[in-house]
Amino acid sequence: FPVENIRNFSIIAHVDHGKSTLADRLLEITGTISQEASNKQVLDKLQVERERGITVKAQTASMVHQYQGKTYLLNLIDTPGHVDFNYEVSRSLAACQGVLLLVDANQGVQAQTVANFYLAFEAELAIIPVINKIDLKQADVESTEEQMRRLFDFKNEDLFKISAKLGINCEEILDAVIQRIPPPKSDPSKPWKALLFDSTYNHFRGAVTNVAVIDGKVQQGDKISSAHNSKVYEVQELGIMSPDYQSTQELHAGQVGYLIAGMKSIQEARIGDTLHLSSSPVEPLPGFKPAKPMVFGGIFPMEQSEYRDLKVAVDRLTLNDSSVTVAKDSSPALGLGFRLGFLGLLHMEVFNQRLEQEYNATAIVTTPSVPCKARLSSEKLIKQYKTDEITIFSPAEFPEKRDVTEYLEPIVMGTIITPDVHLNKIFSLCEAKRGEQVDFTYIDASRVLLKYKLPLNEIVVDFYDLLKSITSGYASFDYEDHSYEPSDLVKLDVLLNGQVINELSTIVHKDKAYPVGKTLASKLKDVIPRQLYEVVIQAALGNKVIARETIRAYKKNVLAKCYGGDISRKMKLLKRQAEGKKRMKKIGNVDIPKDAFISVLKR
Ligand code: GDP
Ligand code: MG
């Protein structure tokens with residue numbers, strides 16, 4: 001394919017607005033996949049994606065389309081919609097010249113639509129606005145058009161109105177991709193140069209990289225290197241995804257595809273890196289802004305003997321998800337493990353689920369925390385840290401009040417889009433979460449866009465769930481980091497039978513210490529099963545206990561409940577008890593279920 005017959009594009013949208021469905025339709029229309037029901041959501045390959053119905057990992061697929069007598073190669077890069085995975089979105093966009101901006105006609109423009117629009121706009125991509133789900137009875141195409149006019153300056157005649165589900169007007173989308181999105185700026189006669197925009201780890205092949213070829217061509221057997229790493233690799237296999245891996249002779253200027261060259265680690269297959277032939281180095285591409293983790297959590301093996309296995313699994317999974325940061329960690333109660341940084345709580349949960357499903361690793365994840373800062377006043381600490389401003393990643397590192405001039409916490413800029421009937425409830429919620437309103441705009445007759453400065457600590461756990469529930473699902477939310485601001489922070493300790501459990505402790509705003517302490521204690525009471533002896537749960541600020549719960553010891557044998565006779569029921573109970581034990585971790589003298597740390601925070 002000559003470069004002028006190639007188009008690289010992405011579909012961006014708020015979650016559930018129909019990206020994966022439209023991707024399926026486009027692949028069907030071009031004959032890339034068959035129309036069987038089993039082919040639904042072909043780009044969502046991970047088990048966690050199919051189970052949760054969300055896209056986590058960007059995928060690519062190449063297809064061929066005829067237009068005005070010419071044959072075109074269209075490379076589609078699917079992107080995740082959730083705010084936690086925005087990093088994947090901006091990465092995919094770097095390999096594209098244009099996007100389809102998809103909006104659900106029933107829901108209208110949502111917070112992530114706005115965020116995604118600006119990502120594409122700032123990357124100077126061609127944007128094709130598409131209103132989806134016009135087949136729905138509740139579809140409000142007119143209001144959606146008005147929102148897209150007001151917010152993004154689109155003209156009515158530029159808008160496409162489709163049903164991805166029924167395939168209405170979808171073929172026109174392919175034509176528009178060809179008409180309105182420019183071909184990549186590539187030069188086939190220059191030496192080979194490619195952007196490594198993603199990589200996945202394969203147990204047998206090592207790193208499988210996704211590349212967008214800028215100039216020249218590459219073929220099997222070529223010796224290649226990257227701009228950040230002078231090692232020489234031999235290309236073992238390359239090809240396109242259509243949507244499964246399909247090896248080809250070569251990849252040439254303008255193409256998007258995969259390439260396997262025996263790279264083994266994240267350092268070797270660095271996302272954003274520029275690849276070139278070893279014999280002809282090139283000017284490197286600008287690369288990507290590194291992802292900035294917003295939520296930190298410890299991860300520890302159930303048994304110390306499983307540490308190595310966990311390390312291997314974490315290494316491989318971080319190769320597939322380069323937005324996770326990894327540092328070694330150790331804790332008196334949990335032994336050796338890792339401190340991982342995630343882009344959000346969903347990201348953390350998904351990572352954990354992938355560890356179990358794809359790498360068969362069971363791990364304990366500690367209570368998530370956000371990185372606070374402290375300006376130190378103590379000469380001793382300043383000497384020790386060699387700086388007077390430290391970042392605190394876990395409650396164990398929280399310096400005492402007498403040693404600091406002030407604490408600071410991360411603040412985000414949140415965008416909420418909502419029907420105006422819910423405004424009062426949203427105002428109360430944001431106030432309760434220590435939010436500060438900075439913008440209020442009507443985007444059509446009845447919908448409002450709000451901007452709030454909010455402490456990350458307040459929104460990281462349940463803000464989104466609360467917002468959804470008070471608005472019956474009608475409000476949407478997105479955020480980006482904003483600043484660090486002074487804050488009255490305290491360390492809230494959790495004690496089990498008198499022993500401080502750092503892994504359960506948390507850093508909170510002074511005004512939240514009492515309610516959070518009460519909730520933590522009562523939730524722990526719910527998740528920790530009865531033990532052979534009494535367990536006392538306390539939440540404390542320094543020496544001051546602010547909440548207390550007691551779990552009474554169990555006296556009766558569990559089997560006492562099944563009045564002798566029923567053997568199979570007895571076996572079932574014994575089995576369940578044994579399984580329960582396996583998922584427990586002894587901390588001090590108390591058995592704690594492995595998901596307690598994360599579940600106490602959720603509603
Ligand atoms: P994504 O999160 O953007 O990838 O959205 P999906 O493609 O997974 O779609 C979310 C839901 O909307 C699914 O239940 C789809 O079947 C449904 N959906 C997608 N497009 C349409 C459409 O044109 N009409 C209707 N009625 N439903 C659609
Ligand atoms: Mg999807």
Side-chain angles (χ1 to χ4, degrees), residues 9-29 32-33 35-61 63 76-90 92-93 96 99-117 119-120 127-145 148 159-174 176 243 344 346-347 350 417 464 468 473-474 476-478:
F9 71 107
S10 217
I11 307 177
I12 55 176
H14 191 80
V15 67
D16 278 348
H17 281 200
K19 285 182 306 289
S20 302
T21 309
L22 180 60
D24 284 351
R25 252 348 51 74
L26 299 182
L27 291 170
E28 274 174 22
I29 294 170
T32 316
I33 58 169
Q35 292 191 350
E36 290 158 26
S38 63
N39 266 329
K40 289 287 142 63
Q41 314 243 312
V42 287
L43 294 184
D44 288 343
K45 286 174 186 162
L46 303 173
Q47 187 182 346
V48 55
E49 295 183 319
R50 290 178 182 264
E51 279 176 21
R52 292 182 183 239
I54 54 170
T55 305
V56 167
K57 185 87 187 146
Q59 301 282 357
T60 47
M63 52 198 143
L76 163 63
I77 296 167
D78 193 26
T79 60
H82 192 275
V83 38
D84 279 10
F85 304 105
N86 255 352
Y87 183 64
E88 292 272 336
V89 179
S90 42
S92 322
L93 295 187
C96 298
V99 297
L100 300 170
L101 178 72
L102 203 60
V103 180
D104 180 330
N106 177 27
Q107 297 198 348
V109 170
Q110 301 279 292
Q112 276 135 58
T113 318
V114 180
N116 284 329
F117 169 84
L119 285 178
I127 302 174
I128 301 174
V130 180
I131 297 178
N132 187 29
K133 307 198 188 180
I134 56 168
D135 60 294
L136 285 175
K137 256 212 317 279
Q138 321 87 296
D140 187 350
V141 179
E142 251 166 57
S143 298
T144 309
E145 279 177 325
M148 294 183 83
L159 283 163
F160 283 85
K161 293 159 208 168
I162 68 162
S163 164
K165 189 170 179 180
L166 305 182
I168 301 168
N169 296 338
C170 290
E171 184 139 16
E172 285 82 340
I173 298 281
L174 290 168
L346 177 66
H347 187 207
V350 164
I417 293 186
Y464 190 60
K468 281 274 166 203
Y474 281 109
S476 62
F477 177 65
D478 190 66

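Note that ligands are numbered from 1 as they come in the structure, with each ligand's atoms numbered from 1 the same way.
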For Asn169, what residues pass the side-chain hydrogen bond (donor to acceptor under 3.5 Å, both in side chains) criterion, not counting sequence neighbours? none
Given that the side chain starts at C-beta and the backbone is N, CA, C, O, which of these parts of Asp135 lies under 4.0 Å from ligand 1, counting heavy atoms, or is it both or neither? side chain
Ranking Lys165, Lys137, His17 by closest non-hydrogen atom to atom 27 (N) of ligand 1, top hit is Lys165
Just jot down the side-chain contact (heavy atoms from CB on, under 4.5 Å) partners of Ser163, sequence neighbours excluded, or say none. Ile134, Asp135, Lys165, Leu166, Ile168
Closer than 4.0 Å to some heavy atom of Ser163 - which atoms of ligand 1 meet that? 22 (C), 23 (O), 24 (N)
For ligand 1, which part of Asn132 has a heavy atom less than 4.0 Å away: the side chain, the backbone, both, or neither? side chain
Flag side-chain contact, heavy atom, 4.5 Å: Ile173 against Val130: yes
Give yes if a backbone or side-chain nitrogen or oxygen of Ile134 is under 3.5 Å from a nitrogen or oxygen of ligand 1, and no if not. no
Main-chain N/O of Ala164 paired with Asn132 side-chain donor or acceptor, under 3.5 Å: yes
Can you find a heavy atom in the side chain of His17 that is under 4.5 Å from one in the side chain of Gln110? yes
Interfacing atoms of ligand 1 (cut-off 4.0 Å, heavy-atom, Leu136): 26 (N)
From the candidates Ile131, Thr21, Ile11, the one that places a heavy atom nearest atom 6 (P) of ligand 1: Thr21
Would you indicate whether the side-chain heavy atoms of Leu22 and Ile162 approach each other to under 4.5 Å? yes
Ligand-residue contact atoms, ligand 1 with Asp16, heavy atoms, under 4.0 Å: 1 (P), 2 (O), 3 (O), 5 (O), 10 (C), 12 (O)
